[in-house]
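In what follows, every heavy atom counts, from backbone to side chain, and hydrogens, waters and symmetry copies are set aside. Residue numbers run from 1 in the order of the sequence given.
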Amino acid sequence: MSNEPISGAPVTRSRKADLVVLVVLASLSIAYLFDAYRASPNIMNLVLIVPVTIIVFVLCAVQFVVTLRKSTNDIPEREPVRPVLPVMILFAVYVLSLPWLGFDLGTALFVGVFLYVHGERRWIWVLGYSVSFSSCVTLFFSYMLPYPMPLRVFG
């Protein structure tokens, strides 16, 4: 097996990692679809899962081909992890705190802190955007999802 992609440029270690991530993502989405189908082949169970799985699989396949065709000169330098780390930690805290804070209050706090971390200092904008976004998302998901969500304000 050759290390030469379609374009003739060598497959770098970084490119191999990108391709592995794409294959794993596509595989996990298909496995989730089959698991959901085995649990219940009812259309109400699969109405969102099937289209999302198809979209994920197609996007992964397209990105796989694009990644293989890229020349070594087209690959950008990797961005440092340091600027992204606070957002990753903030998101982890958000997800872990949802059972206690509720989806509505947790989302509002997450969006507000996220905006502040990214440099937004106008408090009226931070409060207004986080509350309105949280309200819209909470109402949308509470009507669309067939199971109850932990809510504090809209509960």
Side-chain angles (χ1 to χ4, degrees), residues 1-120 129-130 133-134 136-151:
M1 189 161 145
S2 172
N3 275 348
E4 297 293 320
I6 296 170
S7 67
V11 177
T12 63
R13 183 176 176 162
S14 173
R15 192 179 301 178
K16 284 181 186 178
D18 291 345
L19 295 174
V20 168
V21 167
L22 290 170
V23 169
V24 168
L25 181 61
S27 301
L28 287 175
S29 66
I30 290 172
Y32 185 76
L33 172 66
F34 284 129
D35 188 49
Y37 182 79
R38 279 190 312 201
S40 172
N42 185 346
I43 189 68
M44 292 306 291
N45 184 43
L46 303 174
V47 72
L48 288 175
I49 297 171
V50 170
V52 169
T53 301
I54 292 170
I55 290 169
V56 168
F57 186 77
V58 168
L59 288 175
C60 286
V62 168
Q63 186 60 41
F64 191 90
V65 171
V66 167
T67 302
L68 278 178
R69 290 184 175 263
K70 280 184 182 175
S71 71
T72 311
N73 299 335
D74 293 340
I75 299 174
E77 291 293 321
R78 297 285 183 193
E79 292 185 26
V81 176
R82 185 165 300 185
V84 180
L85 197 57
V87 176
M88 292 171 61
I89 292 170
L90 178 64
F91 186 71
V93 169
Y94 164 67
V95 170
L96 294 174
S97 69
L98 285 179
W100 298 285
L101 290 177
F103 184 76
D104 48 2
L105 184 60
T107 302
L109 289 173
F110 170 74
V111 171
V113 173
F114 180 85
L115 288 172
Y116 186 80
V117 166
H118 282 280
E120 182 58 56
Y129 187 79
S130 62
F133 179 81
S134 173
C136 290
V137 169
T138 300
L139 291 173
F140 175 77
F141 282 126
S142 64
Y143 287 120
M144 291 300 292
L145 296 177
Y147 52 86
M149 297 176 4
L151 301 175

| said: Distance check, rounded to the nearest 0.5 Å: M144 atom CE versus L139 atom CG? | reply: 13.0 Å

| remark: Looking only at heavy atoms, the pair that brings S130 and A108 closest together is CB-O, 3.3 Å

| said: Measuring from atom OG1 of T53 to atom OH of Y32, what distance do you get when rounded to the nearest 0.5 angstrom? | reply: 8.5 Å

| note | To the nearest 0.5 Å, atom CG of D104 lies from atom CG of L109 at 10.0 Å

| said: Which heavy atom of P99 sits nearest to which heavy atom of L96, and what is that distance? | reply: CD-O, 3.4 Å

| field | Ion pair D18/R15, N-O distance below 4.0 Å | value | no

With a cut-off of 3.5 Å and sequence neighbours excluded, list every side-chain donor-acceptor pair involving residues 54-62.
none

| note | dist L25:CG -> I30:CD1 (nearest 0.5 Å) comes out at 10.0 Å

| Taking atom CZ of F133 and atom OG1 of T107, what is their separation to the nearest 0.5 Å? | 7.5 Å

| task | Please name the pair of heavy atoms, one in L46 and one in P51, separated by the smallest distance, quoted to 0.1 Å. | result | O-CD, 4.0 Å

| query | Around Y129, counting heavy atoms of other residues, nucleotides and ligands shown, do more than 12 lie under 6.0 Å from its OH? | reply | no

| task | Assign the ring pair F141 / F103 to parallel, tilted or perpendicular, where the plane angle (0 to 90°) is split at 30° and 60°. | result | perpendicular

| Spacing of L98 atom CG and L105 atom CG [to the nearest 0.5 Å] | 10.0 Å

| task | Using a 4.5 Å cut-off on heavy atoms from C-beta on, say whether the side chain of V23 contacts that of S27. | result | yes

